[in-house]
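Encoded as structure tokens, the structure appears first; notes follow it.
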There are 2 protein chains.
Amino acid sequence: MSEPQQSKKPCVDAVDRVLIAAEDLFATCGYDAVSISAIAERANVSKANIFHHFQSKRSLYISVLKAAANHSTMLLMGLEETQSGYADRLTMLANGHLTNYLNHPNKSKLLMREILEHTSDAEIRVLQDDFGRNFARVTSLIEKAQTDGEIRQDLDAAIVAVAILATNIFYIRTREQMQESSKISFADDSDLYSTQMMDLLLNGMLSR
Amino acid sequence: MSEPQQSKKPCVDAVDRVLIAAEDLFATCGYDAVSISAIAERANVSKANIFHHFQSKRSLYISVLKAAANHSTMLLMGLEETQSGYADRLTMLANGHLTNYLNHPNKSKLLMREILEHTSDAEIRVLQDDFGRNFARVTSLIEKAQTDGEIRQDLDAAIVAVAILATNIFYIRTREQMQESSKISFADDSDLYSTQMMDLLLNGMLSR
DNA sequence: GTCTATACAGGGATAGAC
DNA sequence: GTCTATCCCTGTATAGAC
């Protein structure tokens, strides 16, 4: 239907360029350390133009966050219907969670910052609730596995969920530091990390 | 030797009041969101006075960070000499790590932020190196446990260390959110959390 | 050591032409 | 929709009196 864009150099329209620049800068430097001027410069637009499209700096930030959230939210869907055993499903879940984040480092940095920080802003509470719902979904998957007897029934399902998510998040956030200090075999091999960690979580670390 | 201080209301000298105020504000709001004026107001001194004692905002921040690091660093010491089995030692380690952070939320927030973020600042790299050394110490404790046969030898010791630290850090950072969403039994009982998590890590989650 | 006053840069946001 | 120019405020930092 629409004509092919007459490729100007940017080739995406201004709003998108602003959103991309903002995502990048906010993710790297944090909200307060980024100025509208910096975003404008990187997006090749004027400051005033940004304020034309977004009511305020904060609302631009919220837009960026929402885009990131939409992108990451529906990862878990479809997992409930898989046929394989629960251990496999949990492994797939952990792996999917991890690679999604590694593939979109900016979006994940932004979301994590807001989820781990305790904000009073209503718009952001929504994101935290999103996360809470996803967490609950993981928990209930684990509960099913317990009913089926595949997972120990004396464990709190939430503890298991925390273990899976926590280790993933830690890995993502500290990967770069680990790479520097060498000696850590899984630092630049997320599959290796994932395999070993799930082995530990599933089977424990004590010798038998 | 020294005379008892003639208790003025503050009862600590200006520099300390500034450091305390700064720690509190930086921990809660982050570096960029805190202004010298805000610190001055809370500490009951003038802006200029802060700049008299600290060369710049950044150097004040570094001072606060260093104080926090000194306080938290030598937690692990003495653990190598304990007599009990490795499983107990690791449990004590995890527990100590956790309660230390819960008892000093501001210091831990500040340190975590800087450790998890990838900074280029040389002064801050020092803190990250500190953390790296502590991490290495935990790892080598685990390696000893493997040599003794108490812990599975097919596991990478670093994976075990990551699992312990990651779950603790996640717990600390998300405790408040968990408390809101109820249904999470260990949200306001860190001992319960610690016990259950170590049970999971030591024994795994699969039924047998 | 502590203050008041001030310099000066950069921030967010608006006005108005094109 | 996009720009240039501008407003006003707040931020860090300094000067100089006490």
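Just so it is clear: chains get the letters A, B, ... in the order the sequence lines come, proteins before strands, and each one is counted from 1.
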Checking the side chain of B/Gln146 only, and the main-chain atoms of B/Leu155 only, is there a donor and an acceptor separated by less than 3.5 Å? yes
Nearest to side-chain heavy atoms of [X], which nucleotide of [options]:
X: B/Ala14; options: C/dT2, D/dC3, D/dT12; value: C/dT2
X: A/Ser56; options: D/dA13, C/dA13, D/dC3; value: C/dA13
X: A/Ala48; options: C/dG1, C/dA15, D/dT14; value: C/dA15

Between [atom2] on [N] and [atom1] on [X], what's the gap in Å once rounded to a whole number?
X: A/Glu41; N: C/dG10; atom1: CD; atom2: P; result: 12 Å
X: A/Asp32; N: C/dG12; atom1: CG; atom2: P; result: 10 Å
X: B/Arg17; N: C/dT2; atom1: CZ; atom2: C1'; result: 11 Å
X: B/Ile36; N: C/dA9; atom1: CD1; atom2: C1'; result: 16 Å
X: A/Phe51; N: C/dG16; atom1: CZ; atom2: P; result: 18 Å
X: A/Asp13; N: D/dT2; atom1: CG; atom2: P; result: 7 Å
X: A/Ile50; N: C/dG12; atom1: CD1; atom2: P; result: 9 Å
X: B/Ile39; N: D/dG11; atom1: CD1; atom2: P; result: 11 Å

Is there a side-chain polar atom (N or O) of [X] under 4.0 Å from OP1 or OP2 of [N]?
X: A/His52; N: C/dT14; value: no
X: A/Asn49; N: D/dG1; value: no
X: A/Ser37; N: C/dG10; value: no
X: B/Ser35; N: D/dT10; value: no

Would you mind reporting whether B/Arg42 and B/Arg17 have side-chain heavy atoms less than 4.5 Å apart? no
With a 4.5 Å limit on heavy-atom distance, are the side chains of B/Phe186 and B/Thr195 in contact? no
With sugar-phosphate meaning primed atoms plus P, OP1 and OP2, does B/Val15 contact a base, only sugar-phosphate, or nothing at under 4.0 Å between heavy atoms? nothing
Using heavy atoms to find the nearest nucleotide of DNA chain C for A/Val34 and B/Lys47 separately, return the residue whose nucleotide is more 5′. B/Lys47
Under the 6.0 Å and 45° cation-pi test, does B/Lys57 pair with B/Tyr31? yes
Do the ring centers of B/Phe170 and A/Phe170 come within less than 6.0 Å of each other? no
